[in-house]
Amino acid sequence: MSNQGIARIFRNMAFYLEMENAAFKPQAYEKAATNLEVSVEDIGEIYKKGGIKALEEIPGIGKSMAEHIVEYIKTGKIKEYEIFKKKMPVVLDELLGVEGLGPRKISILYKVLDIKNLKDLENAAKKHKIASLSGFGEKTEKNILEGIEFLKRSTGRFLLGHILSEAREIIAKLANLKEVSFISEAGSLRRRKETIGDVDILVISSKPRIVIDNFVSLPGVVKIWGKGSTKTSIRLKKGFDIDLRVLKKESFGSALQYFTGSKEHNIVLRKIAIEKGLKLSEYGLFRGERMIAGKIEEEIYEKLGLQFIPPEMRENTGEIELALKNKLPKIVELKNIKGDLHCHSHWGEGKEMSLQMIKRYAELAMKRGYEYIGISDHTKFLQIEHGLDEKQLAEQRKYINKLNQKLKIENYKLKILHGCEANIMADGSIDISDEALAKLDYVIAGVHSQLKMNKNEMTKRIIRAMKNPNVDIISHPTGRILQKREEYKIDFDEILKVAKETGAILEINASPYRLDLKDANIRRAKQIGVKMIINTDSHQEEQMYFMEYGVSQARRGWAEKGDIINTQPLKKLLEFFK
DNA sequence: GCCGTTTTCGGCCCGACTGTTTTCAGTCG
């Protein structure tokens, strides 16, 4: 019984309704699904607390949807959905994944050729049964086969951390063209979602054809489609797609706004425009024929009576309502970050090498303008990581003290803090003695073993760690690895409650493989008043640049400077530690 | 099916491109 589960059903119902050509209902279900997906509170909890009335309070959920939800909570099923499935027993997820196939075409393919899944579709296409259908043709059949091939090889979405640097390289190449006057990333990349489906790039140029011709001849292009006078798409050998759109200078702001999305955010903006007697599109904001804004993005929001909304917040999860009331939070920025407390130096693998590493961490920290950097190696339970025992921690301490003295003598304004990333054992105890922990500047503790405990036990385990008087920070609190490993089962609300009581700080792990806490959990933590810290969990000095991803994630969770303790100067930071 | 600072009916976001058509439906973002 999860928000995601019921959202998926609603989304599928939207597709079934579209197959039947129903008017407006599909969008209603679509919207309800999206609102459930992004809902911060668990739908089961909402119902338990406030009954069906509380469900109807959720935007996009009315009487009928609320009844569906109750039915789902009580029986695990929705009758209307079951009827749809019986009538149209197609594997929607599979078929909708094929480019160019939507509900209408899928419906025809099922009714005429009894195509239910990808396998059926491939067989039919190979036997040339599809081209002769009315509304289809040779090209469509070929595209379907190509779409299936791509699906088989494709890995789906890409990690933000992987795709952002790739996109930046391509943007830099295009920016060099003299025909390009402005260029920007857009879409979910600009919103810094943790995974990216494809890259959107917006270019301002008065010579779109030249830009598009250069774009499609970039190295590594394996497919080109949608090539028109203002836009085109390419697929790169690396497996991801890039959509390029070229517009004129006077539309830069509106185009950037439009292509940044999200779709849901834009729909609401256009409705606000209509209410004001205006029309908003990628070309600009218009009153009748007259353009009243378009050149810069800020202007679009201003003319609609809204505060400027940062891209990371544009998901239609309440940001527009706040912007209308001039009450948007001032979210944290990369430049607010004053240090990084989760850096591994691999002391256990050789202290000479490790010392050199700590020095390089310090150098890079100074380059980034940090006031402090924290070394936190794994501890003894993690043998595979050469975790440190009490004695080694004490020895490491001596060396770090020496380094700090040296920095002071040379008049550098950086302090190296000494911590560790201790292991939270199955019973919630810590694998290092309290006396040794007490001598450190701070203690991070994290779960690294026995990840498959039940919810109750895992919650108790982390709570006990937070109550330890020496534990300051919980690293990667939910344990997920993006696209690889689920979160461990925990009662997150309970953890937030105890974090608030004990002053334990939750980490926003900036590693692009984790990004843990995730955006929705950051919002909940902020609501409760739990402090957070953005750490890179660097295992090599170069990984300190992960900080950017952590900050984006914090911004997506609406965290403000005051919610994040490593925005504070050293003295203030240390006050947060027990 | 949802929603309301034109409130309980009558609206519901906008545009490009493709492939099939011969004026447009379907898909995508």
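Here the structure is a predicted model, which is why all the values come from computation and not from measurement. Every chain is numbered from 1 and lettered A, B, ... according to where its sequence line falls, protein lines coming before strand lines.
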| task | Could you pick out which residue, A:S134 or A:I106, lies toward the 5' side of DNA chain B when each is mapped onto its nearest nucleotide? | result | A:S134
| remark: Contacts of A:E275 and A:K271 projected onto DNA chain B by closest heavy atom; the upstream (5') one is A:E275
| request: When you get a sec, tell me which of B:dG29, B:dC2, B:dC17 is the closest nucleotide to the side chain of A:S229? | output: B:dC17
| request: Just compare B:dC14, B:dA16, B:dG1 and give me whichever is closest to any side-chain atom of A:K279. | output: B:dC14
| Tell me, which of residues 136-147 of chain A have any heavy atom that sits under 4.0 Å from an atom in DNA chain B? | A:F136, A:G137, A:E138, A:K139, A:T140, A:N143
Base, sugar-phosphate, or nothing for [X], non-hydrogen atoms under 4.0 angstrom?
| X | answer |
| --- | --- |
| A:D198 | sugar-phosphate |
| A:K105 | sugar-phosphate |
| A:E99 | sugar-phosphate |
| A:L101 | sugar-phosphate |
| A:Y29 | sugar-phosphate |
| A:K63 | sugar-phosphate |
| A:L269 | nothing |

| query | For A:Y258 and B:dC14, are the ring centres under 5.5 Å apart with planes inclined under 30°? | reply | no
| said: If I pick the C1' atom on B:dC12 and the same atom on B:dT6, what distance separates them, to the nearest angstrom? | reply: 16 Å
| Is it true that atom CD of A:E138 has more than 12 heavy atoms of other residues, nucleotides or ligands lying nearer than 6.0 Å? | no
| said: Please classify the glycosidic conformation of B:dT6 as syn (within 90° of 0) or anti (everything else). | reply: anti
